[in-house]
Structure formats: C-alpha cells, structure tokens
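Okay, structure first, notes after.
Lettering of chains follows the sequences in order, A, B, ..., and the numbering in each one begins at 1.
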Amino acid sequence: MFELSNIEFLYQNRIGLNNLNLKINDGETIGIMGPNGCGKSTLFKLLTGLITAKDGIYKFNNQIINAKTIKKASVANYLHQSIGYVFQNSSSQLFNESVTAELSFGPLQMGLDQNEINQRVTDCLKLLHIEHLAERVPYQLSGGEQKLVAIASVLTMNPPIIIMDEPFNGLSPKYQKIVQKILIKLKDANKTLIVSSHNYYYINEVIDRCLIFNENHTLKNDLTPIKIERDNALKTSLEY
Amino acid sequence: MPNDDLPNWLKKTNHLELNNQVVKNSRIIQINLNIISFFIKHFQNEPLINNNKQSAWLKLISMLIILILVLCSNSNRFIWSVFIIILLQTCQLSVKQIERLGHNFIKMFLCSVIFVIPNIIIGNVSATLFFIFRLAIVILNVAYFLQINSWQQIIIGLKQLHCPNLIILVLDISLKYIHTLAIFLQENLWAVRLRMVGKPLNNQRIIGKVFGQLYLNSKKYTSEVFNAMLLRGYKISSVHKSSMNLKKADYSLIATNLIVIILFITIGI
Ligand SMILES: Nc1ncnc2c1ncn2[C@@H]1O[C@H](COP(=O)(O)OP(=O)(O)OP(=O)(O)O)[C@@H](O)[C@H]1O
Ligand SMILES: [Mg+2]
C-alpha cells in the first residue's frame with residue numbers, strides 16, 4: 001500500500017525526515033512514536049501528498065507520488081479520497097459554519113445523495129458522543145471538542161485508510177476511551193490505520209506494529225507490541 | 001451500549017481504483033496554496049543567515065545611511081562608488097547567499113521598474129535612466145540588508161537603538177502573527193483540498209468560507225499572541241541584549257560608512 005524508499009525531507013535547511021525506508025500493507029494498523037520534532041507530522045503530510053520529498057521514492061499502491069504526479073487531478077483525488085487525515089492542530093482543519101456542515105462537506109463533495117449524507121452525519125455524531133455539538137460553530141469549540149469534530153468529519157467520508165496525528169491530545173479520559181474503542185472497531189472493519197501518540201498505552205491495543213523515530217529524524221525501531229511488552233528498557237524509554 | 005457499534009456503512013471498506021479520467025480540479029485552492037507556501041518560505045529565511053558578527057543596530061544604521069545618501073545624491077560617480085562598495089560587501093557572503101541575493105534583487109527590481117518605464121516613453125530619457133540606476137542601488141542595498149538580517153535581528157537592532165517599546169511591540173507582534181496566520185491558512189487550505197474529492201462544488205463559496213474562518217481565527221490569534229508576549233514580560237525583556245556595545249567586526253562596517261559619507265561630501269552633492 002505505502003512504499004517509501006530513501007525518503008529525505010528538508011524544511012529549507014532543517015531536516016524533517018532522514019533517509020526513511022518504510023512499507024505499510026493494506027489493513028495494517030501502525031503506531032508512530034518518537035520525541036517532539038522527530039518528524040511524525042512531516043511523515044503524515046508526506047503520505048497524504050501535501051508535501052513532497054526531493055529525494056527518494058514514495059509509491060502509493062504502485063502509483064508514484066511526487067511533486068509532478070500530485071499535480072494531476074486524478075492522482076490527487078485518488079490519494080485524497082483513499083486517505084482520511086486528522087491534523088495535529090484541529091482548529092485549522094475546520095472551515096465550515098456549523099458542525100453539521102463540517103461533517104457533511106466531504107460526503108457532499110463525493111456526490112452522495114442527501115439521505116445518505118444525513119445518515120452518515122447523525123451516525124458519526126452519535127459514534128463520537130458529540131450530538132450536543134451539532135449546531136455549534138466549529139471555531140468557538142474548545143480544543144478537545146474540535147479534535148472530536150475533526151475525527152468525525154474524516155469518518156463521514158469513510159476512507160479505507162485513516163491517519164490520525166495525536167488524536168488523544170487534549171481529550172478527557174472519557175473521550176480518550178471512546179476514541180480508543182472506535183479505533184479498535186475500525187481495525188476490525190479492516191481499515192488501514194496510522195496513529196501517532198506520545199502515550200504507548202493509548203494505542204497498544206490497536207496497533208500491529210509500532211514505528212519509533214529518534215531525535216535525528218530517523219526511523220530507529222519497527223516492533224510489534226509483543227516485543228515491546230517484553231523489553232522493559234524500551235518500554236520505559238517510550239515514556240517521553 | 002448498543003450505539004457504540006460502528007454503523008454499517010462505516011464497516012464497509014472500499015478500496016478505490018485510480019481512475020485516469022480527466023477530473024477538473026479546484027485550481028483556486030491550489031493557486032492560493034502556492035502563494036501561501038511561497039510566503040511562508042520567505043518568512044523563514046533565517047537558516048541561511050550566519051552574519052551575527054556585526055551588531056544589529058549598526059547594520060540597520062548603515063543601511064539607512066547608504067539609503068539616504070544615495071537618494072540625496074545627484075552624482076553618477078558617487079552612486080557608482082556606492083555600488084562598488086556594496087559589491088565588495090557582497091563578496092563576503094557565501095555562494096548560496098549571493099545566489100539568493102541576486103534572485104531577490106532581480107525580483108524586486110523588475111517589480112519596481114515596471115512603474116518607471118512609462119517615463120522613458122514620455123520623455124527625458126537620461127533622467128529616467130539615472131533614476132532607474134539609483135533605484136537599482138537602493139534595492140540592492142535593501143536586498144543585501146535583508147540577506148544578512150533575519151526579522152529577529154532587525155527587531156533587536158531597533159531595541160538597541162531605543163526605539164519606543166510600543167512600536168517594537170507592534171512590529172514584533174505583526175511579524176510573528178503574520179507568520180502564524182500564514183501557517184494557519186496553509187493548513188486550512190490543505191484541509192479543504194484533502195476533502196475536495198470527486199467533483200468540486202462551488203469554489204467561490206469555499207474560498208469565502210476559508211477567508212471567513214481566517215478572519216475569525218485571526219482575532220483569536222492576535223489576542224493570544226499579544227497576551228502570551230505580555231505574560232512573558234515582553235517589555236522587561238528589552239533590557240536583554242539592548243546595550244549598544246561595539247563588536248570587533250563592527251569597526252569595518254563603521255569604516256565603510258565613513259568612506260561612504262566622505263565620498264558623498266566630496267563627489268556626491
Ligand atoms: N513549517 C516548518 N518549517 C520549518 N521547519 C519545520 C516546519 N514544520 C516542522 N519543522 C521541523 O521539522 C521537524 C519535524 O517536525 P514535525 O512537525 O514532523 O515533528 P513531530 O514529530 O510531529 O513533533 P510533535 O511530536 O511535536 O508533533 C522539527 O524539527 C520541526 O522543527
Ligand atoms: Mg506532530
């Protein structure tokens with residue numbers, strides 16, 4: 001599904017990602033961990049085609065994604081419709097005048113009919129326990145509420161691949177558990193999930209593999225949760 | 001709870017096929033994104049700057065001296081000498097910096113020359129050419145100054161010159177704030193683009209939404225940045241690094257300035 005080889009990404013002169021080689025298969029659930037500034041968000045932006053690497057090759061289902069191919073509307077649409085992406089900073093992800101409009105924006109663009117859209121919106125509000133926010137204005141919501149709306153607005157599009165950048169950030173324990181449960185169910189529904197988190201115990205039940213980056217923006221470890229559980233030194237080192 | 005199960009439509013996982021049909025993409029979003037990322041890159045030009053040897057305030061003054069003298073002078077010879085002095089200064093930069101300086105200079109120069117060109121047609125060619133030459137020197141001077149200074153250093157320079165705190169505060173907030181806002185706008189447009197799949201519907205309305213959003217958030221951001229800066233004792237921090245000490249490297253700059261002033265007095269007026 002995702003295939004990255006020798007990817008190198010620079011922000012002007014600063015390194016974002018360093019010589020990354022990575023393969024993610026269909027239906028896998030991946031956790032991404034690492035200290036602040038190690039390049040997790042950069043990796044997500046790269047996978048979704050928002051930024052492109054100068055060096056290295058990125059293939060999505062054998063389609064090469066680079067600065068040139070992403071300009072083609074057919075490739076961009078294919079990539080964007082396949083991947084749902086929840087930003088780390090949710091306030092910049094919301095741009096509609098109400099939460100309901102926010103959730104229906106994606107399905108509307110996809111050309112679904114109105115009944116289906118309404119169904120999806122109600123289901124997702126219910127799923128995330130945010131029915132009480134339906135008529136609110138997104139920019140006035142609290143940080144955690146915005147995160148939940150952002151997650152819901154991606155789910156209404158039902159993409160086969162879902163990328164979440166620190167979805168648990170700023171959520172109260174109640175909502176953390178709700179989101180955790182949803183992730184497990186999405187995994188059971190055979191979605192490909194890529195989730196970053198600073199707390200291993202938020203994602204350990206969901207993930208098949210955990211990718212651990214270090215300060216040098218390098219992918220250092222690629223381990224299964226079973227291996228992590230066995231390795232006490234590693235487990236403590238994951239508590240940043 | 002029964003309603004905690006995924007709805008049926010969400011349980012279905014459909015993999016899409018790449019469909020090579022020509023789809024009309026939303027050009028407006030892409031164009032706006034390009035402008036914004038260009039803008040953000042420009043505001044982050046500090047990594048290339050390694051010239052911290054000279055004092056910020058002196059560089060600022062030196063730039064202003066050259067600027068004023070060039071604008072006051074009517075002598076070809078003087079402007080030529082200034083040109084050579086700036087070129088000599090430029091030689092101290094790295095290749096990459098010179099490349100960028102040239103790039104910036106050409107862009108700024110072309111933009112401003114467009115407004116002057118009509119004068120040539122109307123008449124008075126020699127005066128206009130002289131004007132263009134002078135303009136080029138002024139722009140070169142400014143481009144050089146921007147190349148060796150980050151915005152942060154300019155702010156420090158202003159502080160060292162004891163500019164009123166309020167002016168500095170306003171400038172500093174505006175710079176930080178424009179940058180934050182640009183990044184916000186970029187992410188916002190990304191969000192739109194990610195969900196603009198299938199057949200794009202009324203672009204104008206979406207752009208309207210994005211800019212409405214930007215306006216609402218900008219209000220929130222200004223007060224947040226302002227409060228954050230005040231809370232961290234912004235006014236007090238101007239004591240930090242505000243002394244006008246001369247560094248070793250400053251003397252060469254002072255010498256250059258003296259030369260320019262002497263040239264102006266002898267041949268420039
Ligand atoms: N727009 C940008 N311009 C310049 N440098 C950037 C930009 N965005 C990120 N960086 C740098 O790239 C590196 C990787 O950033 P990234 O946002 O991917 O980190 P992260 O792993 O998501 O961190 P966090 O856990 O804090 O979210 C960091 O060193 C950061 O300073
Ligand atoms: Mg991040």
Side-chain angles (χ1 to χ4, degrees), chain A residues 11-14 26-27 45 48 50 61 63 71-78 80-85 87 89 91-97 105-106 108-111 116 119-120 123-124 126-127 137-140 150 153-160 178 181-182 185-186 188-192, chain B residues 1 3-27 30 33 37 40-41 44-48 96 183-201 206 208-217 219-221:
Chain A
Y11 287 103
Q12 280 87 59
N13 289 3
R14 210 172 288 135
D26 187 12
K45 285 176 203 158
T48 42
L50 295 175
N61 287 337
Q63 165 68 47
K71 286 216 179 86
K72 277 198 243 161
S74 57
V75 175
N77 274 350
Y78 172 53
H80 295 158
Q81 202 160 359
S82 300
I83 306 178
Y85 176 25
F87 293 9
N89 175 9
S91 74
S92 60
Q93 187 168 5
L94 309 174
F95 53 88
N96 286 283
E97 60 279 8
F105 183 86
L108 205 63
Q109 294 289 322
M110 289 160 65
E116 168 85 27
Q119 185 63 47
R120 286 191 175 195
D123 285 346
C124 282
K126 214 191 245 168
L127 188 67
V137 184
Y139 96 96
Q140 288 174 338
S153 69
V154 165
L155 289 183
T156 50
M157 294 173 78
N158 191 18
I178 291 173
K181 271 190 195 146
I182 293 175
K185 293 202 178 101
L186 289 172
D188 293 340
N190 215 12
K191 306 255 188 276
T192 309
Chain B
M1 277 183 275
N3 67 353
D4 266 1
D5 212 12
L6 292 189
N8 280 327
W9 57 267
L10 193 52
K11 279 187 189 157
K12 285 191 208 124
T13 302
N14 299 321
H15 288 283
L16 306 157
E17 300 290 320
L18 174 58
N19 139 9
N20 267 320
Q21 264 174 17
V22 186
V23 199
K24 237 183 80 196
N25 209 3
S26 48
R27 287 286 312 259
Q30 194 52 49
L33 265 172
S37 36
I40 290 175
K41 258 188 204 156
Q44 289 177 333
N45 64 350
E46 77 275 51
L48 275 182
K96 208 165 177 192
I183 287 195
F184 175 85
L185 189 58
Q186 184 185 40
E187 288 201 354
N188 215 188
L189 288 172
W190 274 346
V192 177
R193 196 179 143 198
L194 285 181
R195 283 196 269 159
M196 289 275 278
V197 290
K199 40 183 181 195
L201 307 168
I206 290 164
K209 275 183 188 178
V210 169
F211 281 93
Q213 199 61 24
L214 182 72
Y215 170 74
L216 292 173
N217 276 287
K219 250 172 73 186
K220 211 156 72 176
Y221 267 128

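Distance check: B/L6 CG to A/K191 NZ gives 7.5 Å after rounding to the nearest 0.5 Å. We find the CD-CH2 distance between A/E116 and B/W9 to be 8.0 Å, quoted to the nearest 0.5 Å.
Between chain B and the options A/D123, A/N190, A/I182, the largest number of non-hydrogen pairs under 4.5 Å is found for A/D123. No other option in A/L94, A/N61, A/I83, A/T48 has as many heavy-atom pairs under 4.5 Å with chain B as A/L94. Chain B forms the most heavy-atom pairs under 4.5 Å with one residue out of A/Q119, A/Q140, A/M157, and that residue is A/M157.
A/L50 is listed as a side-chain neighbour of B/L194, based on a closest heavy-atom distance under 4.5 Å. Side-chain atoms of A/Y85 and B/W190, non-hydrogen and from C-beta on, never get closer than 4.5 Å to each other.
Both the backbone and the side chain of A/L186 have a heavy atom closer than 4.5 Å to some heavy atom of chain B. Residue contact with chain B, scored on non-hydrogen atoms closer than 4.5 Å, involves the side chain of A/D26 exclusively. Heavy atoms of A/Y139 lying under 4.5 Å from chain B belong to its backbone as well as its side chain. With a 4.5 Å cut-off on non-hydrogen atoms, A/Q93 touches chain B through its backbone and its side chain both.
A donor-acceptor contact shorter than 3.5 Å is absent between the side chain of B/K12 and the backbone of A/N158.
Residues passing the side chain to side chain donor-acceptor pair (under 3.5 Å) test with B/E187 are A/S92, sequence neighbours excluded.
Heavy atoms of other residues, nucleotides or ligands lying less than 6.0 angstrom from NZ of A/K181 number 12 at most.
Of all non-hydrogen atoms in A/L127 and B/L10, the two that sit nearest each other are CD2-CD2, 3.9 Å.
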